[in-house]
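Here is the structure we will look at.
The structure presented is a predicted model; accordingly, all values stated were derived computationally and were not measured. Chain identifiers are assigned alphabetically (A, B, ...) following the order of the sequence lines, protein sequences preceding nucleic acid strands; residue numbering begins at 1 within each chain.
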Number of protein chains: 2
Amino acid sequence: MSYTTDSPFKSISILYRKSHIWLSNGCAGAGLTAAQAVVILILCDFRALTQDEITKRLSLDKSVIAKTVTKLEEGGFLLREPNPRDKRTYQIRPTEKGWQVYPLIKQEVEGCFARMTQRMSETERAEFRRLLALAADTTLEPEE
Amino acid sequence: MSYTTDSPFKSISILYRKSHIWLSNGCAGAGLTAAQAVVILILCDFRALTQDEITKRLSLDKSVIAKTVTKLEEGGFLLREPNPRDKRTYQIRPTEKGWQVYPLIKQEVEGCFARMTQRMSETERAEFRRLLALAADTTLEPEE
DNA sequence: TAAAAATGGTGGCAACTGCCACCATTTCAA
DNA sequence: TTGAAATGGTGGCAGTTGCCACCATTTTTA
């Protein structure tokens with residue numbers, strides 16, 4: 001008997017948890033957890049960001065980013081440079097070691113989507129991507 | 001500046017986290033966390049299940065379900081009846097208190113989907129639901 | 001300009017989850 | 001039928017996340 005998913009809430013939970021398991025396994029060899037990998041990814045995409053900018057781009061709580069950034073600095077994947085213009089903030093940049101794992105992470109993240117959509121047509125896959133983005137953006141709207 | 005979602009991986013993370021925050025807030029008044037609410041939901045849907053059946057229906061690790069069921073039993077939301085046919089298992093049923101929160105949980109879970117799809121047309125919403133289910137089912141396929 | 005508010009960041013706590021080792025029981029196979 | 005494998009469940013540990021209280025700094029405002 002197959003336990004087919006019946007509710008969107010459950011589907012989203014399953015997709016989230018499975019893709020994080022895949023990313024964890026894919027990045028374990030590089031010494032990175034899934035959450036750390038995502039931060040490296042966004043950091044390499046933008047070259048340099050403050051913690052607050054990372055927080056907004058990933059829409060995670062700022063304390064979560066603080067902890068992840070600390071771990072990544074300890075692991076030598078990024079550097080915090082104090083910002084002379086605003087002493088409250090750091091400029092955060094990937095190190096050489098960070099750049100080295102960037103291609104792997106990009107590939108793993110794209111692989112997750114490919115894997116969960118392998119039974120979709122090209123058209124369905126594009127539509128799924130569009131609707132996911134629309135839903136996520138709607139979620140981020142300020143409350144009224 | 002709006003930080004629009006660009007990758008499906010990120011979209012799924014955001015949708016998962018936001019919907020769990022919504023469900024947590026919606027169920028806090030009933031003395032339930034989001035994970036507990038989902039177990040009550042599936043239990044009331046099927047009237048009686050073993051832990052293993054809950055595990056399969058939610059595709060969560062069995063130890064996660066064990067912990068949640070323990071908490072729910074302590075909270076008086078469900079009962080474990082030892083199963084005479086197989087002494088390894090319990091039959092788990094909602095109590096009266098469990099049944100009382102069922103309608104609220106159902107409403108909250110449906111509200112999550114309505115909320116994230118509020119900018120979609122009816123057609124898009126149906127298609128999104130279908131594609132989510134397809135992706136989640138694909139994810140659950142045995143590896144080959 | 002001084003007080004108040006906003007911003008960026010940190011640390012603690014709790015909830016959720018996955019993985020693993022383990023136990024008891026049941027099922028399967030030699 | 002007995003030993004091995006599978007099944008259902010538990011407990012510990014670690015990773016991810018959100019919320020809150022708090023601090024330092026910057027910006028706003030009265």
Run A/His20 and B/Phe9 through ring pair (Phe, Tyr, Trp, His ring centres under 6.0 Å) and show every step you take. CA-CA 9 Å; A/His20 270 252; B/Phe9 189 93; 5.3 Å; yes
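Between B/Arg130 and A/Glu124 a salt bridge is recorded (basic side-chain N to carboxylate O distance below 4.0 Å). Using a 4.0 Å cut-off between a side-chain N of Lys or Arg and a carboxylate O of Asp or Glu, A/Lys56 and A/Glu53 do not qualify as a salt bridge.
Residue contacts for B/Lys62: at a heavy-atom cut-off of 4.0 Å it reaches a base atom on one of the strands shown. Contact annotation for A/Ser24: no contact, since no heavy-atom pair falls under 4.0 Å across all strands. Here B/Asp86 lies in heavy-atom contact (under 4.0 Å) with sugar-phosphate atoms only. Using a 4.0 Å heavy-atom criterion, one finds that B/Asp52 contacts the sugar-phosphate atoms exclusively. As judged by a 4.0 angstrom heavy-atom cut-off over every strand, B/Thr50 is placed among residues touching the sugar-phosphate backbone only.
Closest approach to the B/His20 side chain among C/dT25, C/dT17, C/dT10 is made by C/dT17 (side chain taken as heavy atoms from C-beta onward). In this structure, of C/dC16, D/dT17, D/dC19, it is C/dC16 that holds the atom nearest to the side chain of B/Tyr16. In the set C/dC16, C/dC20, C/dG9, the nucleotide with an atom closest to the side chain of B/Ala35 is C/dC16.
Interface remark: the B/Thr33 side chain does not form any donor-acceptor pair with the C/dC16 base, using a distance-only criterion of under 3.5 Å. Between the base of C/dC16 and the side chain of B/Thr68 there is no donor-acceptor pair shorter than 3.5 Å. A donor-acceptor contact under 3.5 angstrom links the side-chain atoms of B/Lys67 to the base of D/dG12. With hydrogens and angles ignored, a donor-acceptor pair closer than 3.5 Å exists between the side chain of A/Arg88 and the base of C/dT7.
Distance, A/Gln36 CD to D/dA14 C1': 12 Å, rounded to whole Å. Rounded to an integer number of Å, the gap from A/Lys56 NZ to C/dG9 C1' is 12 Å. Atoms CG (A/Asp61) and P (C/dG11) sit 14 Å apart, rounded to a whole Å. As a whole-Å value, the separation of A/Leu60 CG from D/dC20 P is 17 Å. What separates CG of A/Leu32 from P of D/dG15 is a distance of 12 Å, to the nearest Å. Taking atom OH on A/Tyr90 and atom C1' on C/dG8, their separation rounds to 10 Å, with Å as the unit. At whole-Å resolution of the value, CG in B/Leu58 and P in C/dC16 are 13 Å apart. Nucleotide D/dT17 holds its P atom 10 Å from the CG atom of A/Leu23, rounded to whole Å.
Map A/Arg85 and B/Ile21 each onto its nearest nucleotide of DNA chain D; the residue landing nearer the 5' end is B/Ile21. In terms of position along DNA chain C, the nucleotide closest to A/Thr89 lies nearer the 5' end than the nucleotide closest to the other residue of the pair A/Thr89 and B/Lys71.
Side-chain contact, B/Ser63 with B/Asp61: a donor N or O sits under 3.5 Å from an acceptor N or O.
Note on A/Arg80: every side-chain N or O is 4.0 Å or more away from OP1 and OP2 of C/dG8. Contact between the side-chain N/O atoms of B/Arg17 and the OP1/OP2 oxygens of D/dT16 is not found at any separation under 4.0 Å.
Pairing each heavy atom of A/Leu23 with each of A/Cys112, the nearest pair is N-SG, 4.4 Å.
Taking the centre and axis of the six-membered ring of B/Phe46, the NZ or CZ atom of B/Arg57 falls inside the cone set by 45° and 6.0 Å.
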